[in-house]
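First comes the structure, then the notes that go with it.
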Amino acid sequence: MASLKDLRNRIASVKATRKITKAMQMVAAAKLRRAQEVATAARPYAERMDAVLASLAGKITSREGASPLLVGTGKSDTHLLIVMTAERGLCGGFNSNIAKLARADALRLMRDGKTVKIMTVGRKGADNLRRDLNKQIIDRRDFRGVRQLSFTDAEGIANRVLDMFEAGEFDVATIYFSEFQSVISQKPTPLQIIPAKLPEAKDDGAVAKNSAVYEYEPDEQVILGQLLKRNIATQIFRGLLENAASEQGARMSAMDNATRNAGDMIDKLTITYNRQRQAQITKELIEIISGAEAL
Amino acid sequence: MAGTFKFELVSPERILLSDEAEEAILPGAEGQFTVLVGHAPVVSTLLPGVIHVKLATASTKGIYIDGGFVEVNPQSVTVLAEHAFIVDEADQRQLEEALGKAETALGEAKDDEALRHLTCAIDQLKGLQRKKAA
């Protein structure tokens, strides 16, 4: 049985922990709001880009001479997995869920006899995958100390990926990130970026009518080639922003749980403490009484 | 003037400008072109350079972009550019950065057309810098 002093110390330390997790939860909530704002602000660009790409792709019927970014290299021997995670832990299963998904895919591809190359973005993913896939990791990026992600960060990654693609170092590229669904639910998602999976034209009638009258300067093929390159950076940027929001959401709910747990623990410890205090008082009384009776 | 159209400048990070405009001059890939209300639908890539927009409030805004593309409809113009800033609000650092980028691109330029355009863009940037410094 722990002594009263031990119990008092434990209660004090759990209370301190609760204060910290509570503070972290509130910080995460504030950061989440900002991350969501940024993600919303980035949406118009991506939407317009998608719309133009969809109408362009609809126009190009023959795949002859189309950009390899769209139709691929014709084989799928080497896969590049770009795994995006956070820089920090203490956000529940956020980092390990993404890494788990990427690892499962990497192992599956390797079983099928494909070559797998991994590029990690964010320190936690690299730490997580290093154990069993160290040989496959060809590059790691991290954004330590970056306070607000900017498009330049995404461009840096995109340029590296495009350089590698042009050098023929891989055939298929997929990004792994966590899609933000709500504060309590983030879904690790793979998204193939090379060859590009173009968004289907949503409303066939309207798009067909619109795209029929567009003039393209220079011609469709050239524009499409350029847009596809830009699209890589846009997709990566989107992944990064989704990830940033998801990370904060995950941290918020993880810290909420931790705060609640600490509260439960304090309650339990307090009951034990009170009980023990009572027992001690009773014991002392018995000692006094029996001492007096003996006289 | 016949009327106005909606001019939007969108960067991946946010919408930089969204306003009614009367006229926009854009550095298109196949030559500079002016858009007025009722322009035929065009999708074009843009080269680095300055966009001049005449807003409905009769003020003119210069916007520097380092490439992008534009979607023109009779009632709207949407410019998508990765890096863009409004000339009047730019600071030296932004100009410096854009200038550096344009000069690297100049070093890598393949054809005469691109070369000419980049030289032009660099001249514009240098002019802006001088104006800011003054």
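The chains referred to below are lettered A, B, ... by the order of the sequence lines, with proteins before strands, and numbering in each begins at 1.
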Validation: residues 28-39 of chain A side-chain donor-acceptor distances under 3.5 Å, sequence neighbours left out:
none

Practice problem: Return the set of residues passing salt bridge (charged side-chain N to carboxylate O under 4.0 Å, His left out) with B:E82 (not counting sequence neighbours), or none when no residue passes. | Solution: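 B:E82: salt bridge (charged side-chain N to carboxylate O under 4.0 Å, His left out) contacts with A:R230.
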Quiz prompt | Main-chain N/O of A:A41 paired with B:R14 side-chain donor or acceptor, under 3.5 Å | solution =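 No, B:R14 side chain to A:A41 backbone: no donor-acceptor pair under 3.5 Å.
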Engaged part of [X] at the chain B interface, taking heavy atoms whose separation is under 4.5 Å:
{"X": "A:T40", "value": "neither"}
{"X": "A:L227", "value": "side chain"}
{"X": "A:F151", "value": "both"}

Quiz item: Applying a criterion of heavy atom separation less than 4.5 Å, what residues of residues 159-180 of chain A form contacts with chain B?
Solution: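 No residue falls under the 4.5 Å cut-off.
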Quiz item: With only heavy atoms counted, which part of B:T45 is less than 4.5 Å from chain A, the side chain, the backbone, both or neither?
Solution: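 Both parts, heavy atoms under 4.5 Å.
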Self-check item: Part of B:E13 lying under 4.5 Å from any heavy atom of chain A
Solution: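 Both backbone and side chain.
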Exercise. Decide whether B:E20 and B:T4 meet the rule of one side-chain donor and one side-chain acceptor closer than 3.5 Å.
Key: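 Yes - a donor-acceptor pair under 3.5 Å links their side chains.
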Quiz item: With no hydrogens and no angle check, do the side chains of B:H83 and A:E155 hold a donor and an acceptor under 3.5 Å apart?
Solution: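 Checked: B:H83/A:E155 side chains pair up, N/O donor to acceptor below 3.5 Å.
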Self-check item: Rounded distance (nearest 0.5 Å) linking atom CG of A:L80 with atom CD1 of A:I194
Solution: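 Here the rounded value is 8.0 Å.
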Quiz item: How many angstroms lie between CG in B:L17 and OG in B:S11, if you round to the nearest 0.5 Å?
Solution: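 Here the interatomic distance stands at 11.5 Å.
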Quiz item: Can you name the residues that form a side chain to side chain contact (heavy atoms under 4.5 Å, CB included) with A:A46, not counting sequence neighbours?
Solution: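 A:T234.
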